[in-house]
Each structure stands twice: as C-alpha cells, then as structure tokens.
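If you're wondering where the values come from, they're calculated on a predicted model, not measured in any experiment. For this chain, numbers begin at 1 and follow the sequence in order.
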Amino acid sequence: MDRPNLPLNGLRAFEVAARQGSFTRAAIELRVTQAAVSQQIQRLEDLLGHRLFTRASSGLILTDIGAALHPVLSRNFDEIGEVLDRFQGGRYRETLHLGVVTTFAAEWMIPRLPAFESAHPGISLRIFTHNNRIDIAKEGLHMAIRFGDRAAWPWLEAEPLAEAPLTPFCAPELLARLQTPQDLRVQRLLRSYRGDEWEAWFLAAGATCPPLEGPVLDSSVAMAELAAAGLGVALLPATMFTRQLDAGMLARPFNVDISAGRYWLTWPRGKALTPAMVQVRDWLVENGRFEQPSS
C-alpha cells in the first residue's frame, strides 16, 4: 500500500502528547520545543479534519477521534521500537517476553540465564514474574511458565517441564522435634493459595490434618524464607529448593510427598512460534525437565 503523505512527525507528536497528557512533557520526551509539538499536531488535525484534543485544567483530553487513534499508534510504535531494538550493537537480536511463575524464576531460571544468553546471543530474553495467575495476551507476553495441572489451561499449548511434588520443609533446628507427621500438629503450617495441599499431604502420610490457620501466601519462595527462619513448616517443591537443602538452610523431616502438578511452558494455541520461541522452548525442554531429589 502506498503511503506518500503519511505524517510521521505529527503522528509521533500526537502519540507522545496523548500518553504524557501534556504538550510540555511531550516536548521534553521528543527533545523539541513545545511550539514544535503544537504545530505538528495542528498539521495532523488539519490533515484529518478533526480535533484530537480538548484542553482542560487537568491537562489534555482526547476527543473521540483521538481516543480511537491513540491505541493504534501506541501499539505500532511499540512494535517498531521492539524491532529496532533487535539491531542494537550491529547484531540482530529477537526479543522474547517470558512470564515465569516466581518460584521457578528465582530458584531455577534466573541462575541459568547467563548460560542461556551465552548459548543464544541472538535472543534478548526478558523475564516477567507472576503468581500463576496470568493472561499471556493481555500482559504482552510471548510465552509463560506456569505451575499446576495441564487441564487447567485447555486454550493453551503446553510443554511439560519439571515435576514438582510437594513435601514439608523446616528449619534444621526444628528437625529433631518432627519425628512423626503428628508432630506437625503443634507447628505453624504455612499455606499457599492452593488450599487443599496440607490435607492431601496428611492423608498421604496416614495422619489427621489439624485446623489450618494463619496467613495464605502466593509464593513458595516466601514460604521457604519463613520456614528457614524457623517461623513455620512449608509444603514446597523439592525440585526448586535443592540449593537451600544442600546449604543446610532447610531440612526435609519426612520422605512423603504429594503430586500437586508440575511446571509447564505455555503459549497461545494456534500461534506460530517465532525462531526465538522455538529456541527458548527447546532449551527449557532440554534443561528444565528434572526429577525430584532424594531426601
């Protein structure tokens, strides 16, 4: 499609002014004068035959035409910027946004990023942590690592990664007081948002679960820190906390675990994978499938 009269300067000035809510702040971002921003937007309005802003004491207010135009420009300028970023340093790099559930990110993914970057210099992998509640499309992600049961995301493609059975963890100094599962009844049992885990574990251990009280946490990392500090006993995926076990920061009092799911790499069903997505998927499948360590 021919675009001989596409007013790029005016469109850029309008997008920044709408985002900033001010010609003055737009001028600062664009490194031009306020008068230049005003003139560029005036020319754009003349070309379109419509006003894009009205002025108010609180700043600029988009008209209906401006409100329709702004998100289209923002999205496309972001995409242009992302493509240009790939060529920084004289080498093409593809950027991939990966959502990663916090425990997997902190305990497995981030420590291995240098190895990934060394093996894949053409990929800029940007990690965004989440608490397992995430919308790939709405949050601008390409893929996401989640924890749970495959059936929970029927609308997504999913590649299995590490299994993650849950087992109790405590501070080493508490270990001598936990000889049988019943000894846990007098301890603070740290809970996740998946509310039935302790009941399932006590059932597997052949014991009765006590009443559960106290805070509910949405991160195994947070529960591990509390357990290491002697502030409770946590059900954690042993595959994610081998470092703390080996360092003597945490201990496993019982050789009983339950299956609560596994880690999965997910992406929108039907979406064509880019070369970077294929390489990230293959790297995770090769390196991110591992078994639970022995107690």
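- Proximity of His142 to Val280: side-chain heavy atoms (C-beta onward) are nowhere separated by under 4.5 Å.
- One finds the CG atom of Leu44 at 14.0 Å from the CD atom of Gln39 (value rounded to the nearest 0.5 Å).
- Side chain of Asp183 to main chain of Thr180: a donor-acceptor pair is present (N/O by atom type, distance under 3.5 Å, no hydrogens or angles).
- In this structure, Arg19 is not positioned above the aromatic face of Phe77 in the sense of NZ or CZ being under 6.0 Å from the six-membered ring centre and within 45° of the axis.
- Interatomic distance, CG of Leu47 versus CG of Leu6, reported as 9.5 Å (0.5 Å rounding).
- Ser74 places a side-chain N or O within donor-acceptor distance of the main-chain N or O of His70, the cut-off being under 3.5 Å.
- A perpendicular orientation is assigned to the rings of Trp283 and His120, their planes being inclined by more than 60° (bins at 30° and 60°).
- Between the CZ atom of Arg55 and the OG atom of Ser22 there is a distance of 8.5 Å, given to the nearest 0.5 Å.
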Take Thr208 and Arg185 through the side-chain contact (heavy atoms from CB on, under 4.5 Å) test and state the conclusion after the steps. CA-CA 9 Å; Thr208 302; Arg185 294 177 60 85; 3.9 Å; yes

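- What you find for Arg188 and Leu231 is that their closest heavy atoms are NH1-O, 2.9 Å.
- Under the 3.5 Å distance criterion, the side-chain polar atoms of Trp264 are matched with a main-chain donor or acceptor of Gly148.
- Under the 3.5 Å distance criterion, the side-chain polar atoms of Thr167 are matched with a main-chain donor or acceptor of Val256.
- For the 3.5 Å distance criterion, the side chains of Tyr193 and Asn132 qualify, holding a donor opposite an acceptor.
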Can you list the steps and then say if Thr239 with Glu163 is a side-chain contact (heavy atoms from CB on, under 4.5 Å)? CA-CA 8 Å; Thr239 49; Glu163 294 183 356; 5.8 Å; no

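- Judged by distance alone, with hydrogens and angles left aside, the side-chain atoms of Trp201 form no donor-acceptor pair with the main-chain N or O of Cys209 at under 3.5 Å.
- Of all heavy-atom pairs between Cys170 and Leu174, the closest is CB-CD2, 3.9 Å.
- Of the possible polar contacts, one joining the Glu45 side chain to the Leu52 backbone as a donor-acceptor pair under 3.5 Å is found.
- At least one donor-acceptor pair under 3.5 Å links the side chain of Arg150 to the backbone N or O of Trp153.
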Please walk me through it: do Tyr263 and Trp108 pass ring-ring contact (aromatic ring centres under 6.0 Å, His included)? CA-CA 11 Å; Tyr263 292 98; Trp108 192 90; 9.4 Å; no

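- Proximity of a side-chain donor or acceptor of Arg269 to a complementary backbone N or O of Pro154 within less than 3.5 Å is detected.
- In this structure, Thr266 contributes its side chain and Ala144 its backbone to a donor-acceptor pair below 3.5 Å.
- Between Ala17 and Ile41, the shortest heavy-atom distance links the atoms CB-CD1, 3.8 Å.
- Residues Thr63 and Phe53 form no side-chain contact, since every pair of their non-hydrogen atoms from C-beta on lies 4.5 Å or further apart.
- Taking all atoms of both residues into account, the shortest heavy-atom contact from His130 to Gly99 is CD2-C, 3.6 Å.
- Remark: the backbone N or O of Phe128 is not paired with any side-chain donor or acceptor of His97 at under 3.5 angstrom.
- Sparse packing is recorded around CD of Glu213, with 12 or fewer heavy atoms of other residues, nucleotides or ligands lying under 6.0 Å away.
- Between the CD atom of Gln179 and the CZ atom of Phe254 there is a distance of 7.5 Å, given to the nearest 0.5 Å.
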